[in-house]
Student: 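Here's a structure for you.
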Amino acid sequence: MNILLIGSGGREHALAWKLAQSPLCHTLFCAPGNAGICEEAECVSLDVNDFAAVARFCKDNDVKLVVVGPEAPLVAGMADALAEDGIAVFGPRKRAAMLEGSKSFTKDICAKYGIPTAAFATFDNEADALAYLREHGAPIVVKADGLAAGKGVIVADDAATAKAAIRDIFGGAFGAAGAKVVLEEKMEGEEASFFALCDGENLLPLAGAQDHKRAYDGDEGPNTGGMGAYSPAPVLTPKAEQQVMERIIEPTVRAMKELGCPYQGVLYAGLMMTDEGPKLVEYNVRFGDPECQPLMMRLKSDLVELVQATVERDLAGGASEWNEQAALTVVMATKGYPGAYEKGSLISGIERAEQDPLVKVFHAGTARNAAGELIAVGGRVLNVTALGDTIAEAQRRAYAAVEKIDWPEGFYRKDIGWRAIARERGT
Ligand code: AMP
Ligand code: GLY
């Protein structure tokens, strides 16, 4: 079977690497891809927002399955558009993608179906939101309703910050994504992510992971897309995972079916592990980036088989097999990220880093210059991923590999895994 993968990040390189290993995959295409993905797949320069062009490409190249990495094409209706041409898409239809595309949509489902999440209220105007803020005070979490590239959430510890955030969002800082604002109780606890496949009705739990959202060591500095991750997440004990499935994910999937928008694809539950048990922070309708990298490193099952079972509504009775080892990813980013950064700096040493058979370097913002040299062209650039018997061992191996990469314009966090390693040590 020929497969088209959509995306260009570290997540997509990990997916490409894993899809290409399957005997079921004949030719793997990727649009637009990056320098690392080009080693696993045939990269094509398609406008992925032009669904008619994507459908044409699929017909011309006998592609029957499209795997979508990022959320934006799904929220924009790629799965609906391609289905009309008989092309299966791994990823939800537009209405089901609302689970990520609209925070108020998800919160309303939580309220209606008793799914544990932060107390909340939704507003379509500034005056009412400010009145609610006066009544409830800080700390409070202010969220733009729609997709805002990870920037639409402000955790406000004082009322002045919350007020400014409400004004900014209704003032148009996030365009149409800010037509509504959700105000939420601030939850306390450790964050974790859990991933499950869903075929519209049946669920197949995958695994848990933890991300590091802040740019600098000690969880300091600005928020980023994620500076490192590991799987499994020790905070997600088997009991906690069962609670997440029974109290959060299963009722959501039942709700989506009842609402006439069954969910098909991978469901990413962002969780807060509170004193009252796991609560939902948000859903994403895709794999996490960088969480997907350690997940794919640990997955023993054939990813094409799992994707096919998902799109063919055939997950019932299925299982996924995982390497018992832990995997940890250190993200290397261009200095300046998540703010402004230069493009074009030279990177070398990836082959040296990958001499360890338990290390894989997934590319994100990379390209080749006219001389064929590897250069950085994005904020997050490399995802150095390693396996180990413990998270501490995976961390040692990943950082040993990072040391072999020569990229003076890059930086990375030195403490990826600290929470899990403290838990492993019992401290
Ligand atoms: P979201 O885009 O909804 O995942 O929010 C981004 C980040 O904001 C989350 O990963 C949390 O760190 C934080 N956050 C969101 N909602 C809450 C909440 N209700 N309580 C505490 N932190 C939150
Ligand atoms: N790493 C967080 C995300 O993918 O949303």
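Every number for a ligand or one of its atoms is a count from 1 in the order of the listing. Given the structure is predicted, the values throughout are model-derived calculations rather than measurements.
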Student: Cation over ring, Lys343 on Tyr341, under 6.0 Å and within 45°?
Tutor: no
Student: Write out all pairs satisfying salt bridge (Lys or Arg N to Asp or Glu O under 4.0 Å) with one or both partners inside residues 255-270, taking only residues at least two apart or from two chains.
Tutor: Glu201-Lys257
Student: With a cut-off of 4.0 Å, which atoms of ligand 1 are near a heavy atom of Lys143?
Tutor: 3 (O), 15 (C), 16 (N)
Student: Establish, yes or no, whether a centroid distance under 6.0 Å links the rings of Phe123 and Tyr132.
Tutor: yes
Student: Which residue in the set Glu291, Arg298, Gln325 passes side-chain hydrogen bond (donor to acceptor under 3.5 Å, both in side chains) when paired with Ser231?
Tutor: Arg298
Student: Between the side chains of Asp199 and Thr310, does any donor sit under 3.5 Å from an acceptor?
Tutor: no
Student: Near ligand 2, which protein residues have a heavy atom under 4.0 Å away?
Tutor: Asp211, Gly225, Tyr268, Asn284, Arg286, Gly288, Asp289, Pro290, Glu291
Student: Crowded around Arg368 CZ? As in, over 12 foreign heavy atoms under 6.0 Å?
Tutor: yes
Student: Considering Val155, Leu271, Val182, Ile154 one by one, which has a heavy atom nearer to atom 13 (C) of ligand 1 than any of the others?
Tutor: Val155
Student: Looking at non-hydrogen atoms alone, which of Lys279, Glu282, Met272 comes nearest to atom 22 (N) of ligand 1?
Tutor: Met272
Student: Among Arg247, Met187, Met273, exactly one meets side-chain contact (heavy atoms from CB on, under 4.5 Å) together with Lys279. Which residue is that?
Tutor: Met187
Student: Among all protein heavy atoms in this structure, tell me which lies nearest to atom 8 (O) of ligand 1, with the distance rounded to 0.1 Å.
Tutor: Val153 CG1, 3.4 Å
Student: Mark up the atoms of ligand 1 that fall under 4.0 Å of a heavy atom belonging to Lys213, in ascending order.
Tutor: 10 (O)
Student: Judged on heavy-atom distance to atom 10 (O) of ligand 1, which of Glu191, Glu188, Glu100, Glu184 sits nearest?
Tutor: Glu191
Student: For Glu40 and Ile37, indicate whether the former's side chain and the latter's backbone hold a donor-acceptor pair under 3.5 Å.
Tutor: no
Student: Is the ring pair His13/His363 parallel, tilted or perpendicular, if the boundaries are 30 and 60 degrees?
Tutor: perpendicular
Student: Does Glu185 approach ligand 1 within less than 4.0 angstrom via side chain, backbone, both or neither, non-hydrogen atoms only?
Tutor: backbone
Student: Can you tell me how far apart OH (Tyr230) and CD1 (Ile416) are? Round to the nearest 0.5 Å.
Tutor: 9.0 Å
Student: Hey, is Met187 touching ligand 1 through its side chain, its backbone, both or neither, going by heavy atoms under 4.0 Å?
Tutor: both
Student: Return yes or no for this condition: an N or O of Lys186 is under 3.5 Å from an N or O of ligand 1.
Tutor: no
Student: Can a non-hydrogen atom of Lys103 be found less than 4.0 Å from any atom of ligand 1?
Tutor: yes
Student: Just how far is it from atom CZ of Arg380 to atom OG1 of Thr334, taken to the nearest 0.5 Å?
Tutor: 11.5 Å
Student: Mark up the atoms of ligand 1 that fall under 4.0 Å of a heavy atom belonging to Ala118, in ascending order.
Tutor: 19 (N)
